[in-house]
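Working notes, beginning with the structure itself.
Ligands are counted one by one from 1 in listed order, and the atoms in each one are counted from 1 as well.
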Amino acid sequence: MKLSISRYNPDEDSRPRLQDYEIEPGPADHMLLDVILRLKQQDPTLTLRKSCREGVCGSDAMNINGRNGLACITRVRDLKQPVVLRPLPGFPIIRDLVVDMTNFFRQYHSVNPCLENFDPPPERERLQSPQQREALDGAYECILCGCCSSQCPSYWWNPEKFVGPAGLLQAYRFIVDSRDQATRQRLDDLNDTYRLFRCRTIMNCAEVCPKGLEPSHAIEEIRMMIAGLPVPRGGLDVHSPRPPR
Ligand code: SF4
Ligand code: SF4
């Protein structure tokens with residue numbers, strides 16, 4: 001199997017360069033991450049993040065043949081060769097496939113991603129009806145991998161000012177939560193030329209999300225709520241993630 005992987009060591013390189021590799025995958029190397037880890041035995045200097053290996057932690061997000069995805073849930077047999085691997089675009093590169101996600105998480109924290117409820121805590125949990133719970137579908141599943149924001153041109157140009165699709169999906173998740181009491185403040189905070197309205201509905205975010213989520217749909221609904229328009233509350237669509245190119 002042929003791969004071409006972006007290498008960058010800030011102590012030695014002035015810019016990233018592609019390094020070619022050829023490796024025979026083992027019989028159990030079904031996923032791209034399996035192959036990369038085998039390659040790492042051959043070249044221990046190759047640097048990447050990974051953790052759960054089953055599409056839950058979001059650590060091994062990278063650009064695979066031009067499109068963002070998670071290496072651990074990308075099937076080797078679906079990939080065109082040579083497989084070109086680059087770090088997530090638009091994020092500062094720390095080394096090889098590892099990017100600096102500081103600004104991504106700063107934007108995430110800027111939407112106050114936690115439940116605001118000022119009523120005295122009940123004896124047990126704060127209850128929701130099945131319909132109220134359904135409103136969270138398509139939003140709560142986000143694993144904060146960064147694939148969407150990294151593939152969003154609006155985020156590339158204004159990472160300090162535009163919250164980005166991942167952060168906005170999380171804002172939506174609390175705006176539509178029946179237990180949250182800060183809806184007005186959340187909408188007022190996002191009613192800004194850059195924070196929300198810099199989204200140009202290019203839809204890259206929904207295209208690359210490895211969980212099949214649609215941040216663009218959430219963004220559209222937040223815009224409608226700010227405009228005072230009625231929004232259907234049945235949860236967002238979740239589609240099967242698109243196969244890699
Ligand atoms: S919306 Fe999808 S692509 Fe974006 S951070 Fe969440 S899981 Fe990742
Ligand atoms: S729809 Fe909006 S948030 Fe999604 S990629 Fe396009 S500009 Fe970015």
Side-chain angles (χ1 to χ4, degrees), residues 32-33 49-64 66-74 86-91 97-111 113-114 135-176 190-226 235-245:
L32 176 60
L33 182 62
R49 287 195 185 105
K50 55 101 184 156
S51 182
C52 75
R53 302 181 70 167
E54 52 191 72
V56 175
C57 73
S59 307
D60 63 346
M62 59 184 74
N63 188 270
I64 305 162
R67 179 173 154 173
N68 292 349
L70 302 181
C72 61
I73 55 171
T74 298
R86 299 179 194 271
L88 289 180
F91 290 9
L97 299 172
V98 176
V99 292
D100 183 349
M101 300 185 75
T102 305
N103 190 66
F104 173 81
F105 282 108
R106 188 184 65 76
Q107 290 291 12
Y108 165 65
H109 288 295
S110 80
V111 304
C114 56
L136 306 181
D137 286 352
Y140 78 88
E141 302 94 327
C142 172
I143 57 171
L144 293 172
C145 64
C147 285
C148 56
S149 294
S150 158
Q151 204 101 65
C152 168
S154 295
Y155 186 78
W156 295 342
W157 308 134
N158 294 285
E160 304 289 333
K161 296 179 179 172
F162 175 47
V163 172
L168 289 170
L169 182 63
Q170 288 308 302
Y172 174 91
R173 180 248 171 276
F174 289 98
I175 288 169
V176 299
L190 294 175
N191 189 5
D192 177 88
T193 318
Y194 280 94
R195 280 178 68 67
L196 171 73
F197 287 94
R198 207 62 194 174
C199 167
R200 295 296 190 235
T201 323
I202 305 162
M203 307 289 283
N204 283 8
C205 51
E207 180 68 24
V208 299
C209 176
K211 307 300 282 186
L213 308 180
E214 301 202 357
S216 49
H217 189 169
I219 292 168
E220 197 51 40
E221 289 201 8
I222 297 173
R223 284 172 164 164
M224 290 169 70
M225 287 183 246
I226 287 174
L236 301 172
D237 295 337
V238 181
H239 56 75
S240 299
R242 317 265 195 279
R245 294 179 189 115

**OP:** Identify the protein heavy atom lying closest to atom 1 (S) of ligand 2, giving its residue, its atom name and the separation to 0.1 Å.
**Re:** Met203 N, 3.2 Å
Original post:
Should we say atom CZ of Arg173 is surrounded by more than 12 heavy atoms from elsewhere, each under 6.0 Å from it?
Top reply: yes
Original post:
For Val238 and Leu213, what are the C-alpha separation, side-chain angles and deciding distance, and is it a side-chain contact (heavy atoms from CB on, under 4.5 Å)?
Top reply: CA-CA 5 Å; Val238 181; Leu213 308 180; 4.1 Å; yes
**OP:** Measure the spacing between CD of Gln151 and CZ of Arg67 and express it to the nearest 0.5 Å.
**Re:** 8.0 Å
**OP:** Would you kindly specify which portion of Thr201 sits under 4.0 Å from ligand 2, judged on non-hydrogen atoms: side chain, backbone, both or neither?
**Re:** backbone
**OP:** Can you sort out which atoms of ligand 1 are near Ala166, meaning under 4.0 Å from one of its heavy atoms?
**Re:** 5 (S)
Subject >> Sub-4.0 Å atoms of ligand 1 with respect to non-hydrogen atoms of Leu144 >> reply: 5 (S), 6 (Fe)
**OP:** Could you list which atoms of ligand 2 come closer than 4.0 Å to a heavy atom of Ser216?
**Re:** 1 (S)
Original post:
Which atoms of ligand 2 have any heavy atom of Arg200 under 4.0 Å away?
Top reply: 2 (Fe), 7 (S)
Original post:
How many angstroms lie between atom SG of Cys199 and atom CG of Asn158, to the nearest 0.5 angstrom?
Top reply: 12.5 Å
Original post:
Considering only the protein, which heavy-atom contact is closest to atom 8 (Fe) of ligand 2, and what is its distance?
Top reply: Cys152 SG, 2.2 Å
Original post:
To which protein heavy atom is atom 5 (S) of ligand 2 closest, and what is the distance rounded to 0.1 Å?
Top reply: Cys205 N, 3.4 Å
Subject >> Atoms of ligand 1, numbered as shown, that sit under 4.0 Å from any heavy atom of Lys211 >> reply: 7 (S)
Subject >> ligand 2 contact by Ser154, heavy-atom criterion under 4.0 angstrom >> reply: yes
**OP:** Would you please determine whether Pro210 falls within less than 4.0 Å of ligand 1 on a heavy-atom basis?
**Re:** yes
**OP:** Any chance you could measure Tyr108, atom OH, to Ser149, atom OG, to the nearest 0.5 Å?
**Re:** 12.5 Å
Original post:
Under 4.0 Å from any heavy atom of Pro165, which atoms of ligand 2 are there?
Top reply: 3 (S)
Original post:
For ligand 1, which atoms, with element, lie under 4.0 Å from some heavy atom of Cys147?
Top reply: 3 (S)
Original post:
Should Tyr172 and Leu236 be marked as a side-chain contact (heavy atoms from CB on, under 4.5 Å) after you check the CA-CA gap, both sets of side-chain angles, and the distance that decides it?
Top reply: CA-CA 10 Å; Tyr172 174 91; Leu236 301 172; 3.5 Å; yes
Original post:
Rounded to the nearest 0.5 Å, how far apart are CZ of Arg200 and OG of Ser216?
Top reply: 15.0 Å
**OP:** Output, in order, the C-alpha distance, side-chain angles, deciding distance and verdict of side-chain contact (heavy atoms from CB on, under 4.5 Å) for Leu144 and Gln170.
**Re:** CA-CA 9 Å; Leu144 293 172; Gln170 288 308 302; 4.3 Å; yes
Original post:
Atom CZ in Arg198, atom SG in Cys152: separation rounded to 0.5 Å?
Top reply: 11.0 Å
**OP:** Give the residue and atom name of whichever protein heavy atom lies nearest to atom 3 (S) of ligand 1, and the separation in Å to one decimal.
**Re:** Cys148 N, 3.4 Å
Original post:
Got the closest protein heavy atom to atom 6 (Fe) of ligand 1, with its distance?
Top reply: Cys142 SG, 2.3 Å
**OP:** Specify the protein heavy atom at minimum distance from atom 2 (Fe) of ligand 1: its residue, its atom name, and the distance to 0.1 Å.
**Re:** Cys209 SG, 2.3 Å
Original post:
Touching ligand 1 at all, Gly146? Heavy atoms, strictly under 4.0 Å?
Top reply: yes
Subject >> Atoms in ligand 2 with a heavy atom of Ile219 nearer than 4.0 Å >> reply: 3 (S)
Original post:
After noting the C-alpha distance and the side-chain angles of Met225 and Val176, does the key distance pass the side-chain contact (heavy atoms from CB on, under 4.5 Å) rule?
Top reply: CA-CA 10 Å; Met225 287 183 246; Val176 299; 4.1 Å; yes
Original post:
What is the ring orientation for Phe105 with His109, classed by angle as parallel under 30°, tilted 30 to 60°, or perpendicular over 60°?
Top reply: tilted
Original post:
Who's closest to atom 7 (S) of ligand 1 heavy-atom-wise, of Ile143, Leu168, Leu169, Val208?
Top reply: Ile143
**OP:** Measure the CD1-CD1 distance between Ile175 and Ile222 for me, rounded to the nearest 0.5 Å.
**Re:** 4.5 Å
